[in-house]
A.B. asks: 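Below: one structure in C-alpha cells.
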Amino acid sequence: MNTIREKLWPLPKLKASLLGWGYVAPALLIMGALVLWPLASTIWDSFYSVNPMKVGKPFVGLDNYINLLSDPNVRQAWSNTFLYVLFTVVIETVLGVSAALLLNKVKFGRSWLLAALILPWCLPPVVNAIVWGWIFNPSYGVLNNALLSMGVISENKVWFNERLSALFMISVVHAWRMMPLTAIIILAALQSIPKELYEAAKLDGAGAIKMFRKITLPLIASGLAIALSQSTVFAFNMFDEAWIMNGTGYDTRSVMIQVYMSAFQNLKFSYGMALSIMAMLASLIISAVYVLRVYRETRFD
Amino acid sequence: MYSPTLKIFAGRAGLCLAVLVLLLWSIGPVYWSLVTSLTPPNDLVSAELHLWPQTLTFEHYNKLFGATSQSQGNEVQSVWPQFSRAFFNSIVTSVGATLLTVVIAAFGAYAFVRFSFPGRDILFFIVVATMAIPAYTVMIPLYRLMISVSLIDTMTGVILIYVSAFLPLALWLMRSIYQAIPISLEEAAYLDGAGKTHTLIKIILPIAAPGLIAAAILTFLNAWGQFMVPLVFSPTLATKPLTVLIPEFVTRNYIDYGLMNAAGIIAVVPPILLVIFLNRFLVSGLMAGAGK
Amino acid sequence: ADDKPFDGQTLSVLLPPWGTLPKDMTDQFTADTGISLDGQTLGWDEIRTKIVTSMIANTAPASAVEIDWSWVGQFGAAGWFQPLDGLVDAAAIKDAPTAKIFVYDGAQLAVPYNNDFRILIYNKAHLKQAGISAPPTTPNEMLEAARTIKAEGIADYPIGLPLSATEGSATAWYLLTKAFGGDLFDADFNPLFTTPDSAGYKAMAFEIEALNEGLISPAATGLKDVDIQELFKNGQTSFDVAGWAGSISVYEDPEKSTVAGDAALALMISTTGTPRSFGLPEAVGIPSNAKNPGAAAAFIDWIQTAETQIGAYHSLGNLPPRLSVLETLNTAGELKDGDILLEQAAFAEPLFAQGTPGWYPEFSAAVASNLNLAAKGQISVQEAVDRIADQATAAMQ
Amino acid sequence: MAKLEISQLKKRYGRVEVIHGVDMTVEDGEFVSLIGSSGCGKSTMLRMIAGLESVSSGSMSLDGRLINSVEPKDRDIAMVFQNYALYPHLSVAQNMGFSLELRKVPKKEAAIAVAKAAEMLGLTPYLDRTPKALSGGQRQRVAMGRAIVRNPRLFLFDEPLSNLDAKLRVQMRMEIKALQKRLGTTSIYVTHDQVEALTMSDRVVLLNAGRVEQIGTPMQVYKRPANVFVATFIGSPAMNLLSGTLLRDADQCFAKVDGKTFALPECEGVADGTSIKLGVRPEHLRIVDGPDAQDTFNMSVEVVETTGAETHVYGCLGADNMTVTLDGEISPTVGETIRLQSPTKTLHVFDAASGARLNS
Amino acid sequence: MAKLEISQLKKRYGRVEVIHGVDMTVEDGEFVSLIGSSGCGKSTMLRMIAGLESVSSGSMSLDGRLINSVEPKDRDIAMVFQNYALYPHLSVAQNMGFSLELRKVPKKEAAIAVAKAAEMLGLTPYLDRTPKALSGGQRQRVAMGRAIVRNPRLFLFDEPLSNLDAKLRVQMRMEIKALQKRLGTTSIYVTHDQVEALTMSDRVVLLNAGRVEQIGTPMQVYKRPANVFVATFIGSPAMNLLSGTLLRDADQCFAKVDGKTFALPECEGVADGTSIKLGVRPEHLRIVDGPDAQDTFNMSVEVVETTGAETHVYGCLGADNMTVTLDGEISPTVGETIRLQSPTKTLHVFDAASGARLNS
Ligand SMILES: Nc1ncnc2c1ncn2[C@@H]1O[C@H](COP(=O)(O)OP(=O)(O)OP(=O)(O)O)[C@@H](O)[C@H]1O
Ligand SMILES: Nc1ncnc2c1ncn2[C@@H]1O[C@H](COP(=O)(O)OP(=O)(O)OP(=O)(O)O)[C@@H](O)[C@H]1O
Ligand SMILES: [Mg+2]
Ligand SMILES: [Mg+2]
C-alpha cells in the first residue's frame with residue numbers, strides 16, 4: 001500500500017519543499033554571503049599569521065590561539081570581560097526582573113511607563129556613551145555633583161580609579177542600555193503566568209515573598225534563560241562603553257577592546273581575529289548552557 | 001485582622017516610589033543630555049548642579065541648524081549641510097534596511113514555521129546563532145567582499161550589511177509570531193482556493209502585522225544606532241549616518257559637549273517618536289518573541 | 001592646460017575634522033587645479049580603523065589620507081604609503097622641521113599639515129595672584145609655584161596633566177622625560193627609563209608626586225587630554241603642562257573659555273636649561289594603491305603653500321608646519337605669544353630620532369595603561385616602568 | 001467545618017455595582033450551589049468569600065467571626081478553580097502538599113496527609129508526575145486533592161467540571177458529591193450547569209445579574225420556581241411560557257390561552273383578568289388521542305429531533321413557541337398538529353408584568 | 001454536490017498508524033456525521049478529505065474522480081472549523097467573499113452571492129463588522145456563510161458547535177440542519193456530541209481508534225448497536241451491560257443474569273451457554289410493583305440524582321453497575337432495592353468475548 005502513497009505524493013511534497021527553500025533563499029543568501037562566508041574567511045585566517053608589517057602569510061596552525069593563552073594582557077581582558085558578564089548579567093537581571101514585576105503591577109499609564117523603560121535601549125549607543133561620559137565626568141559630571149549635594153561623598157570621586165568600581169560603573173552603563181530587553185522578556189514571562197496560580201497560592205497560605213520564590217521564579221525560569229543568554233552575548237561583545245569611558249586602561253579593557261587593539265592598532269591581525277573567535281565561542285557556549293539547562297527544563301506548557 | 005485601606009495606601013505609595021525610581025533611571029540620563037544641550041558652554045563646566053539650565057541657550061542647536069558655525073574659535077562652514085545630509089543618510093539606510101529585512105524575514109520565517117524542507121531547523125539555528133558574532137570578526141573579509149562588488153559607500157551596500165546583521169532577530173521574532181497564528185486560518189484559505197504564497201500575503205501577513213511592525217521597529221532602531229558598520233563602509237557624506245558624524249564634533253583640543261549633546265538629542269528624536277507612538281507594537285512583538 | 005594636468009579628476013581625501021579645510025579654500029583649490037575634492041571626515045580612532053581595514057583589503061581608503069606621526073612606523077613597514085620624494089615640492093618640506101618625523105626608511109611618506117608641538121601654557125592671572133612673577137622653568141619651580149597657588153586657594157589642583165589610560169597621558173610623560181633631560185630609548189631601542197636616576201623614571205615620579213601632593217586633580221586618572229584642557233579653560237588649573245601649541249587660540253577665545261586673556265605661553269620646563277619639546281604633527285600621505293596619486297600630490301603641494309597654511313591657521317587654528325610661514329604670521333602679529341612659540345618650535349624634535357617604530361602603538365598603550373595603574377596607586381613607579389619596558393621589548397619582537 | 005453567613009453583600013468595580021446585596025446562609029456541612037447565567041456574579045461571590053476580591057459593603061462571617069478583611073491565607077478556605085490552577089512546576093504530591101509546607105506541617109505528617117488524600121482520589125500512581133502529564137480528569141482530582149489535604153473549614157468550587165467532557169463530568173460530579181458527604185465539609189459550588197446544581201446540592205442559590213432570585217432545595221426550584229426567570233432557567237428544554245389571561249370562578253381559577261380554557265391550581269388573591277404567563281414544562285406534556293377538548297394544547301409541529309431515548313418536538317401554539325419532550329418511540333411528522341395535555345398540578349402561573357409566581 | 005467514496009483509507013504519522021483502513025461512502029446530498037471519542041481520528045479523516053493531510057494509503061474519490069493528490073484549493077470543498085478560522089482582518093462580507101474573489105468571480109456577482117448567503121443566515125446587519133465584533137453564534141454563522149457562499153461540492157464540519165454554550169448549540173444545530181436540507185449539499189459533520197450526531201444526520205459513522213465500528217441511520221445505531229462499543233457510546237446515560245449466559249430453549253433464547261432468567265429477542269445461531277453481555281438501556285427500565293419475579297432486575301440503590309424532570313438511579317446488580325432513568329416524580333431511597341423491568345424487544349445481546357451483537 002505504500003506504493004500508492006509513493007506514487008501520489010512525491011510531487012506536492014517536493015513542491016512544498018521547493019517553495020520553502022524559495023522563501024528562505026534570500027535570507028540564506030544574505031546571511032551566507034555577508035556573515036557566514038566572512039566568518040569562515042576569518043577563521044581560516046586565524047590559522048595563519050597575517051601581519052601587514054611582515055611579508056607573506058605563513059601558516060602557523062594553532063599558534064595564535066596558543067599564544068593568546070599566555071598573553072598577560074589577554075588574560076587580563078578575559079578576566080575583565082568575565083567580570084563584565086557577571087556584573088551586567090546580575091544588574092540587568094535584578095533590575096530587569098524588578099522592573100518587570102513593577103510593570104506587571106502597574107495598571108495605570110502602563111504603556112507610557114513601558115515606553116520610558118525601553119527608551120535607553122532605543123538610543124544609538126554612540127549617544128548613550130556621550131550621555132554617560134558626561135554624567136560620569138569626574139569634574140563636571142552630574143553624578144559627582146548630585147552625590148556631593150546629597151552629602152553622600154565629600155569630594156569629587158574618580159569613578160575609574162579602582163578596578164572593581166570602574167568595571168562596575170561601565171557595567172552599569174551597559175546595563176542601562178540593555179536592561180529593557182531583559183525586563184520585556186521577563187514581563188512576557190510574567191504575563192503568561194495564570195493569575196489563578198497566585199490566588200491558589202494565597203489560599204494555600206503563601207505570602208508575597210513565598211509566592212515570588214515558589215511560583216513566580218520557577219515559572220519565569222525559561223524567560224530568564226533567554227534573557228540571561230542575551231545579556232551574556234552582549235556583555236561578551238562589550239566595547240563602546242569601556243572604550244569611551246576608559247580607553248585602553250588595563251582595568252577595564254574588555255576582550256573586544258583587546259581584539260581591536262591587536263588587530264587594528266598593533267596590526268597583529270590574525271592574532272586579534274583568533275581572540276574574537278574565542279570570544280564568540282565563549283558567549284555561544286555560555287548561552288547554550290543557559291538555554292539547554294534552564295530553558296529546556298522549565299517549560300511547562 | 002489588618003486594615004485593608006492602610007495596606008492599600010502603603011502599597012500604592014510604594015508602587016509610586018518604584019515608578020519614580022524607574023523613570024529617573026530610564027529618562028534621567030536622556031533628560032540630562034537635553035539640559036546639557038540647552039546650557040551655554042561656559043555654564044557646562046561650572047561646578048554647581050542645576051536641574052535646568054540657568055540661562056537657556058539654543059546656540060548648540062543654532063550651530064547644527066545655523067548658516068555658520070564655530071570651530072576652534074573660528075567662524076567656519078556651517079555643520080548643517082553635513083548634519084542634514086547625515087540625517088538623511090541615516091533615514092534612508094535605516095528605512096531601506098528595515099523594509100528589506102522585514103520582507104525577507106516575513107517570507108523566511110514563514111518557511112521556517114510552516115514548510116518542512118531538509119535542514120530547516122539546523123539552518124534556523126545557524127542563522128540565529130550568528131547574533132553572537134562580534135562585528136570586528138567579520139569586518140575585514142566583509143570589506144574585501146564589498147570592495148570586490150563595488151558596494152562600498154553605497155546605500156545598497158550599507159543596507160545589505162544591516163540586513164545581514166538584523167535579519168536573525170527579525171526571523172526569530174517573526175517565527176514566534178507565526179507560531180502563534182492558528183494554522184486553521186491558512187487551511188481555511190487553502191480550501192477557499194488560495195495558494196500558499198497568496199495565503200501568506202493576503203491572510204497571514206495582515207494578521208501578523210503587529211509582529212511585522214515590531215520587527216520593523218527593532219530593525220530600524222538597530223540600524224539607526226549603528227556605528228562600526230557605517231564607520232568602515234560609509235566613508236563619505238554620500239552615505240555617512242549621524243552616528244558617525246556626531247563623534248566628529250570631538251575636535252582635537254576641544255570637546256563640544258553642548259554640540260554633541262544637541263546632535264545626540266536630535267539623533268534620538270526618531271527613536272523616541274517610534275517608542276512613543278509605536279510602543280505597543282514593539283512591546284507586544286518583543287513579548288511574543290520572548291515567549292518562545 | 002599644462003598647469004592643470006589633473007583637470008576634471010575627483011580626488012578623495014580622508015582627514016579628521018581638524019584637517020578638513022573650509023569650503024571656500026577647497027573651492028579655490030578646485031578652481032586652480034581643476035581637481036574636485038571628495039572629502040571624508042572621520043574621528044581620529046576611526047580614521048585608523050578605516051585605513052587599516054581598507055589597506056588590509058588592498059584598497060586605498062582615499063587618494064590623500066591622514067597619517068598621524070605615531071603611525072609612521074607601522075604604515076611604513078606595511079608599505080601602505082608611497083614615497084613622496086620627487087612628487088611634491090621639496091623646498092617646502094625642508095622648510096617644515098617636523099616633516100622629518102614622516103620619513104620612514106629614507107622615504108618621505110607624508111607631509112605635515114599642522115605643527116602641533118608641546119609647550120607650557122599657564123594662567124597669568126593665577127601666577128600674579130600668587131605673587132609669582134615669571135613662569136617656572138624647571139620641574140621644581142613648577143611644583144613650588146603650584147604649591148603656592150594651592151596654598152593661596154587660587155586653584156585646588158594647579159597642575160593639569162592627564163593620567164588616564166589614553167594616548168594623551170603617554171605623550172605627556174614623553175614630554176616630561178625630555179624635560180628631565182633624557183630620552184625613552186637609545187639608538188638600538190633599548191629602554192632608558194627603568195632606573196630611578198633615569199629621566200623617564202623621574203618624570204613619572206614627578207607626576208605621581210604631584211598627584212599625591214594634591215597638585216594634580218585626583219580626577220586626572222580618569223581625564224583625557226581634552227578634559228584637562230577643559231579644566232584649564234575653566235580656570236581650575238594653572239598649568240597646562242603638556243599644552244598643545246594650538247590650544248592657546250581656544251583658551252583665548254572668550255566664547256569657549258572663562259580664562260580668555262589670562263592664558264599665556266612659556267617655554268617648556270627643563271632640568272637642563274634646554275626647553276626640549278617634541279612635535280606631534282599630523283600629515284597627509286598617498287596610499288600605495290591610490291587611484292589618482294598625481295592629483296593627490298597636487299593637493300599636498302597646495303597644502304604646503306603658505307597661503308593654505310595661513311588660511312588653515314585662521315579657519316582651523318592649525319599652526320603652520322613651515323617655519324617661514326610661522327614667522328610671517330608672527331611678524332604680522334597674528335600669533336599669540338608668537339616669539340615664545342617660535343622659540344619653542346625650534347626646540348621641537350621628533351620623539352624617536354630613528355623614526356617612529358612599528359611597535360609604537362603597543363608601546364604607547366602600555367605606557368598609558370601602566371602610568372594609569374601607577375597613578376591609581378595600584379603599582380609603584382618602578383613596577384610601572386619595568387612593565388612598560390617589558391612590554392616594549394615584547395612588542396619589538 | 002463551619003457555618004457561613006452572608007448579609008447584604010455588595011460588590012462594586014469602580015462605579016459599576018455587580019453584586020447588589022446578597023443574603024444567604026450556608027449551614028455547617030451543607031453543600032450549596034450558586035447557579036446563574038454567565039456574568040451574573042457567581043465567581044465574584046465566591047472570590048469575595050475566599051478573600052480574593054475585596055468586599056464593597058455588607059458582611060460575611062464564618063462561624064460567627066467576621067471575615068470581611070481577613071487575609072485569604074488566614075481564612076482557612078480551600079478553592080478548586082475552573083482551570084484547576086495547578087502549579088505546573090510541581091509534582092502532584094508537591095501540589096497537594098504545598099499548603100502544608102507553607103503551614104510548616106512536619107514533613108512526615110504532610111506526606112501522610114498527601115498519601116491519604118491521593119489514596120482517596122485514586123491518585124497514588126501519579127504522585128510524581130507533573131500536571132501536564134495528567135489527563136483532564138486526573139488534573140481535576142489533583143485540584144480536589146489540594147483542597148482536601150489540609151482539611152479546611154470551607155470548600156469553594158468555581159465551575160470545577162466545565163473543562164471535562166460529558167462522561168467524565170457525570171462521573172466526577174458523583175465523586176465530588178460523595179467526597180463532600182464523607183468529609184462533611186461545608187461547600188459552595190459555582191456552576192452554570194443546572195444538572196450539576198440540581199443533582200449535587202442540598203440547596204441551590206439562583207443568581208441573576210447580581211441578585212438572588214431564589215434559594216431552595218433542587219426540588220423546590222424545579223417544582224415551585226419563584227418567578228419566570230427561575231422557571232425558564234431550571235429545566236431543559238426550558239419551560240414553555242404561554243401568554244394568557246387568568247379567569248376567576250367562584251372557587252376555581254382558569255387560564256385562557258390560545259382561545260382555550262385550562263383549569264389552574266389555586267392562585268390566591270389574583271384578580272380576574274390578570275395577564276399571565278402559563279408555564280408548562282416540555283416533559284410534562286403528553287400526546288392525547290381523541291377529539292379536540294378544552295384542556296388540550298394544539299401544537300403544529302415544525303421540527304422533530306430524536307435521540308432514540310427522547311424525541312423533542314418544536315412548534316407553535318398561537319404566537320408562542322412550544323417545545324415538547326416525548327418518548328423516543330414517538331415521532332410526530334412535521335406539519336401535523338398534535339394535541340397535548342399537562343396535568344393541572346404541573347402548571348405554573350406567573351404574572352405577565354412582574355414575572356412573579358402566582359400559584360402556590 | 002457530489003458523492004464521496006472512501007476506500008481502505010489509512011493515515012500514518014511517522015510510524016504510528018492512526019486511521020486503519022476506513023471504507024465509507026457518502027451519497028449525493030447526504031448528511032453524514034463522524035462520531036467517536038477524543039483522539040479516535042475524526043479530525044484526521046476530515047482533514048484528509050479536505051486535502052489538509054496527506055493520505056498514507058487508500059483512495060478517496062469525489063464523483064468518481066480520485067482526489068488523493070489534488071491540492072486542497074482545487075478540490076472545491078468547504079470546511080467549517082471548530083474555532084471558525086475567520087480571517088480576523090477582513091469584514092464579514094470579505095470573509096464570505098474571499099473564495100469568490102480568488103475564483104475571479106465578477107465583483108457584482110460575488111456581492112450578490114454574499115448578500116444572499118448573509119440574508120439566509122441573518123447576517124445582513126453585520127456585513128461590515130470584523131469577526132471580533134461578533135458574538136460566538138454570529139461567528140459561527142459567518143463560518144457557515146463562508147462555506148455556503150461558493151456552493152461547493154462538499155461541506156465539512158469539524159465540531160462547529162463545540163465552542164458555543166448549550167442553548168445556542170441547540171439552536172444552531174437546527175439551523176445547520178435546515179440549511180443543509182435546503183441547499184442539498186453533501187455534508188460530513190464531525191462531532192463528539194451524540195445528541196448532535198443523532199438529531200442532525202442522515203447517517204452516523206461511529207469511529208473508534210481509527211476504525212469504523214458502525215455505519216447507519218441514527219435509529220439504527222441507537223436501536224441496533226453493532227457491538228458493545230456502539231451500544232455504550234450511543235445513549236446517555238450509557239446502556240447497562242450485565243454479564244450473563246445465553247440459554248437456548250427449543251424456540252426461544254433466555255439470558256441468565258444474576259441468577260434470574262430473562263426472555264430474549266431472537267439470537268440466531270448462538271450456541272447455548274455462550275457468555276454474553278445483556279444490554280439494557282437505562283431509559284427502558286421501569287419500576288414494577290408486586291412480588292419478585294423471574295424477569296425483574298433487582299437493583300440496590302446507591303446514588304439517586306434528580307433534576308426534576310428525570311431521576312437517575314445508580315446502583316448494582318450483582319457484580320455489574322446499573323443505571324436507571326426514571327420519571328422525575330419517582331425518587332427511590334438509597335439502600336432500598338428496587339425491582340425493574342425492560343421489555344424484551346428493548347434488550348440487546350452481545351458476545352462477552354468479542355463484543356459483537358448477537359440478536360437481530
Ligand atoms: N475585575 C473586574 N472589573 C470590572 N468588572 C468585573 C470584573 N470582574 C468581573 N466583573 C463583572 O462582574 C460581573 C460578574 O462577573 P463574574 O465573573 O462573577 O460572573 P460569573 O457569574 O462568574 O460568570 P461566568 O459564568 O462567565 O464565569 C460581570 O458582569 C463582569 O463583567
Ligand atoms: N500531526 C500529528 N502527529 C502525530 N499524531 C497526530 C497528529 N495529529 C493527530 N495525531 C494523532 O492522531 C490521532 C487522531 O487525532 P484526531 O485529531 O483526528 O482526533 P479527533 O478524533 O479529531 O479527536 P478530538 O475529538 O479530540 O478532536 C490522535 O491519537 C492524535 O494523537
Ligand atoms: Mg465565573
Ligand atoms: Mg478533532
A.B. asks: Would you say A:Y84's side chain and A:T252's backbone share a donor-acceptor pair under 3.5 angstrom?
C.D. replies: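 Yes; at least one donor-acceptor contact below 3.5 Å.
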
A.B. asks: Return yes if some donor-acceptor pair links the side-chain N/O of A:T88 with the main-chain N/O of A:A235 below 3.5 Å, else return no.
C.D. replies: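 No: the side chain of A:T88 does not pair with the backbone of A:A235.
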
A.B. asks: Using non-hydrogen atoms and a 4.5 Å limit, figure out which bit of C:Q378 sits close to chain A: side chain, backbone, both or neither.
C.D. replies: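 C:Q378 touches chain A through side-chain heavy atoms alone.
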
A.B. asks: Is chain C contacted by the side chain of A:N51, its backbone, both, or neither, given a heavy-atom distance below 4.5 Å?
C.D. replies: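 No part of it gets close to chain C.
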
A.B. asks: Give the member of C:G73, C:A77, C:G358, C:S164 that has the highest number of heavy-atom pairs under 4.5 Å with chain A.
C.D. replies: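 Max contact count across the listed options: C:A77.
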
A.B. asks: Among A:T81, A:V74, A:N80, find the residue that satisfies the side-chain contact (heavy atoms from CB on, under 4.5 Å) test when tested with A:R253.
C.D. replies: A:N80

A.B. asks: Considering only heavy atoms, which portion of A:A166 lies under 4.5 Å from any heavy atom of chain C: side chain, backbone, both, or neither?
C.D. replies: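 For A:A166, no heavy atom lies under 4.5 Å from chain C.
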
A.B. asks: Which bit of C:A375 comes within less than 4.5 Å of chain A, counting heavy atoms only: side chain, backbone, both or neither?
C.D. replies: neither

A.B. asks: Can you confirm whether or not the ring centre of C:F363 sits under 6.0 Å from the ring centre of C:F185?
C.D. replies: yes

A.B. asks: Give a yes or no on whether the ring-centroid distance for C:W71 and C:F81 is below 6.0 angstrom.
C.D. replies: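 Here the rings of C:F81 and C:W71 have centres that are no less than 6.0 Å from each other.
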
A.B. asks: Quick check on C:W80 against chain A: is it the side chain, the backbone, both or neither that has a heavy atom closer than 4.5 Å?
C.D. replies: side chain

